[in-house]
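Notes follow the structure.
Lettering of chains follows the sequences in order, A, B, ..., and the numbering in each one begins at 1.
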Amino acid sequence: MPTSTRPARRERLHTCRTTGTDMLRTHTCGELRASHAGKEVTLCGWVHRRRELGEVIFIDLRDRYGITQVVAHAKNNAAAHAALGDARSEWVLQVRGTVRPRPEGTKNPKLSTGEIEIVANSVTILNQSKTPPFYVNEDTEIEETLRWKYRYVDLRRERSRELMRLRHEVTNFMRNFFVERGFWEIETTMMIRSDPTGARDFVVPSRYFPGKFWALPQSPQQLKQILMVGGLDKYVQIARCFRDEDPRADRIYELTQLDVEMTFAEPNDVMEILEACYTAVFEKFGKKPLHGKPWPRMTYDDAMRRYGSDRPDTRFSMEVVDLTDAVRGTSFGVFKEAIASGGAVRAICVGGKGDASRKDVDGWAAIAKTRGAKGLVSFAFAGSEVRSPVAKFFTADELSRVRSASGARDGDLVLAVAAEYRVASRSIGELRRHFGEAQGLVDGSTHHAMWIHRFPMFERTPEGDWTFSHNPFAGPLTDEDAKLLYSDPGKALSSQYDLVIDGAELGGGSIRIHNRAMQERVFEILGISKKDAAERFSALLDALEYGAPPEGGIATGMDRTLMVLAGLANARETIAFPKTQTGWDPMLEAPAEADPKLLEDLGLRVIAKPKD
RNA sequence: GGUCCCGUGGUGCAGCGGCCUAGCAUACGUCCCUGUCAAGGACGAGAUCGCCGGUUCGAAUCCGGUCGGGACCGCCA
């Protein structure tokens, strides 16, 4: 047939379906086996691949459940053969046909349906598709903006589909886990009063109250506490939270929390139930075993001392060492001054890096500086030699103490930061994290889960004010700590506990303050006056006066949990409709300007011109 | 607000002052092909190298700016 007289492929009609009442499919593309041989079936799906050999055409038909091979021979069924010949990648087909065991030698062990194929009797093209913007049938890296713009195509890819499946299954498992243990899932309101304590709020203008705004919750924290005051005893929610802060690889605007709250609970009650839940989740859905059961509990002090972090990655050792005593008498000005003002010299020993160049050390110094270090000092040990830019300020005795305190062997490099204890520790901790990756020290064969507890209730800001280390509602750990709120708040320990897996902070919680006077005292320490507190937290503070029970809970980040479970480098892939790092949604092209009439109703006028 | 990295046919990469009339793979189109399964074969179409400006005899390549993306700092109770 001359091509010029044939209608274009797109215009040719096979059996073109519009609407109907009969069943569209009898089976999915993942379920047919040799035992179905001889059955008349109808499948629907997308054209995954097409192999045209002339008189015979094979099509891999794909849906969420799997892939099934469809075959048509020109001699046996010209219409079906022609339809399959016209079909292209991602066209949507309905195939009616007979299940047939594949001829010997043509079975495909790579497919769960590889024992059989469908001999097409009739093929209906349910819809056509433009050539997709990227591959659906290959797992290649595609620029994210393009994936998000065409997310409906991207979601058909195995990688994306399996992540959606994982998210669904984990979420569902967690929900059931708590529901089975007597927790009620209660939805909390999404339009609340703005509370400028934490992150920047996303804000929703009110039409009935022009000039006033709701805020989207950064978390249901106050609401879940109020639910406990309401006597509902045990609450769970897979809760959406909104934070208008600059996104990062592990931070998105809309995060999802597993949010749990329990009445009459001690820290141990919360930790035990969460540990049980996460252990089950990681054993059921993780790719690697969990190391250490029950989970180790490490104090915040130990975490800072040994790992220079409140979320230590214990999958490798290289622990932080303290050189303060070893160099206490040094004439090296930077160290001397740091120690004199109550600071510390903190260090790590990097194996085999004794030959590091000045440039290497400068690069590591830059990493240390991101955590507040002013500089980084190196000591390279080789035989009896010590190579260091500052060697002349140290006596042989001091240098040998540095070596023994750090456990350096021949060819090792000791990197040290002198500063206020926490700054020095965090700087070295960040370097430790870097070397763990860079030197391949991380044991990637297991997950390391742990609890960090015994946090201080307050930390000093650089300005010298107090800020809370968890949230302003976390109660003191013991009665002693409660007393310290009035005498020496800096020494008070919090009931807070953090859940850390593989060096990622997946969540945290505490036992809440359930007494108005104590809550107000905490606000006072934080520099929030009674009047301000009464205005900003009126509901919660009032509730504390109406029989608020002791209670506590925890919230964990679902997105980060999924990242760790699936071994992902960023959280965007774990959600169905991600945005870019600047918060732009390439699919919906949002945010966008609002209708001027709507703005008028809301009593709003746009002052800043949007960027073009 | 800041630092760093990246923008080359639809997609993923290479090229990093003249050998570029921009290369490779794949996708796409037409044709051939009766057992393929990442089918195979033949032919073909498709990119002013994100954008603007500068340096140079000459710029995809160097410089500045800008836009977009990513990683990070600030920020994230």
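In this structure, of B/C37, B/A77, B/G70, it is B/C37 that holds the atom nearest to the side chain of A/N108. Considering only side-chain atoms of A/A249, the nucleotide from B/A77, B/C72, B/C37 that sits closest is B/C72. Minimum atom distance to the side chain of A/Q69 is reached by B/C37, of the listed B/C75, B/C37, B/A71. In the set B/A27, B/G69, B/U11, the nucleotide with an atom closest to the side chain of A/T145 is B/G69. Minimum atom distance to the side chain of A/P472 is reached by B/A77, of the listed B/A77, B/U11, B/G35. Ranking B/C73, B/C76, B/A39 by closeness to the A/R51 side chain, first place goes to B/A39. With distances taken from any side-chain atom of A/L53 to the nucleotides B/U34, B/C37, B/G1, the minimum falls on B/U34.
Comparing A/I142 and A/S219 by the nucleotide of RNA chain B that holds the closest heavy atom to each, the one mapping nearer the 5' end is A/I142.
The interatomic distance linking A/H73 (NE2) with B/U36 (P) rounds to 11 Å, in whole Å. When rounded to the nearest whole Å, the span between CG of A/L146 and P of B/G69 equals 13 Å. We find that NZ of A/K75 is positioned 11 Å from P of B/G35, with the value rounded to whole Å. Across the protein-nucleic acid pair, A/R433 atom CZ and B/C73 atom P stand 11 Å apart, rounded to whole Å. For A/E115 and B/C37, the CD to P distance is 18 Å, given to the nearest whole Å. We find that CG of A/D246 is positioned 12 Å from P of B/A71, with the value rounded to whole Å. Distance A/E141 CD to B/U11 P: 15 Å, rounded to the nearest Å. The distance from atom CD of A/E144 to atom C1' of B/C5 is 15 Å, rounded to the nearest whole Å.
With salt bridges taken as basic N to acidic carboxylate O contacts below 4.0 Å, none links A/E115 and A/R102.
Applying the Watson-Crick and G-U wobble criteria (two distances, each under 3.5 Å), B/C20 pairs with nothing in any strand.
Judged by distance alone, the side chains of A/D201 and A/S194 do bring a donor and an acceptor atom under 3.5 Å apart.
Residues A/R433 and A/E437 are not in side-chain contact: their nearest non-hydrogen atoms beyond the backbone lie 4.5 Å or more apart. Residues A/L568 and A/L163 form a side-chain contact, since some pair of their non-hydrogen atoms from C-beta on lies under 4.5 Å apart.
Remark: A/R460 is positioned above the aromatic ring of A/W466, its terminal NZ or CZ atom under 6.0 angstrom from the ring centre and at most 45 degrees off the axis.
Between the side chain of A/E52 and the base of B/U36, no donor-acceptor pair of N or O atoms lies under 3.5 Å. The base of B/G10 is paired with the side chain of A/Y135 by a donor and an acceptor separated by under 3.5 Å. A donor-acceptor contact under 3.5 Å links the side chain of A/R251 to the base of B/C76. Scanning atom types as modelled, one donor and one acceptor separated by under 3.5 angstrom connect the side chain of A/R102 and the base of B/C37. The base of B/G35 lies close enough to the side chain of A/R100 for a donor and an acceptor atom to sit less than 3.5 Å apart. Evaluation of atom-type donor-acceptor distances gives no pair under 3.5 Å for the side chain of A/N570 against the base of B/G70. For A/R248 and B/G70, a side-chain-to-base donor-acceptor distance below 3.5 Å is absent, hydrogens and geometry of angles not being considered.
Across all strands shown, A/P133 has heavy atoms under 4.0 Å from sugar-phosphate atoms exclusively, and none from any base. When heavy atoms are screened at a 4.0 angstrom cut-off, A/E117 is found touching base atoms of the nucleic acid. Within the 4.0 angstrom heavy-atom criterion, no nucleotide atom of any strand lies near A/I67. Counting non-hydrogen atoms under 4.0 angstrom, A/K107 reaches a base of the nucleic acid. Residue-level contact check: A/R200 touches neither bases nor backbone, having no heavy atom under 4.0 Å from any strand.
Using a 30° and 60° split on the angle between ring planes, A/Y300 and A/F455 fall in the tilted class, from 30° to 60°.
Note on A/R88: every side-chain N or O is 4.0 Å or more away from OP1 and OP2 of B/A27. OP1 or OP2 of B/A38 lies within a sub-4.0 Å distance of a side-chain N or O belonging to A/K110. Between B/A39 and A/R49, a contact under 4.0 Å exists linking OP1 or OP2 to a side-chain N or O. For B/A71, one of the phosphate oxygens OP1 or OP2 lies less than 4.0 angstrom from a side-chain nitrogen or oxygen of A/Q581. The side chain of A/R572 contributes an N or O atom lying less than 4.0 Å from OP1 or OP2 of B/A71. OP1 or OP2 of B/G69 has at least one side-chain nitrogen or oxygen of A/T580 nearer than 4.0 Å. Within the structure, a side-chain polar atom (N or O) of A/R371 is placed less than 4.0 Å from OP1 or OP2 of B/C73. For the OP1/OP2 pair of B/A27 and a distance below 4.0 Å, the side-chain nitrogens and oxygens of A/S89 include no atom meeting the criterion.
Atom name P, nucleotides B/G46 and B/G54: the rounded distance is 31 Å, in whole Å. Between B/A71 and B/C62, the two P atoms lie 25 Å apart (nearest whole Å). Nucleotides B/A47 and B/C20 are separated by 13 Å at their C1' atoms, to the nearest Å.
Centre separation under 5.5 Å together with a plane angle under 30° does not hold for the ring of A/F134 and the six-membered base ring of B/U11, so they are not marked as stacked.
Crowding of A/K107 atom NZ: a count of heavy atoms from other residues, nucleotides or ligands under 6.0 Å exceeding 12.
Between atom CD1 of residue A/I226 and atom CG of residue A/L544 there is a gap of 8.5 Å, rounded to the nearest 0.5 Å.
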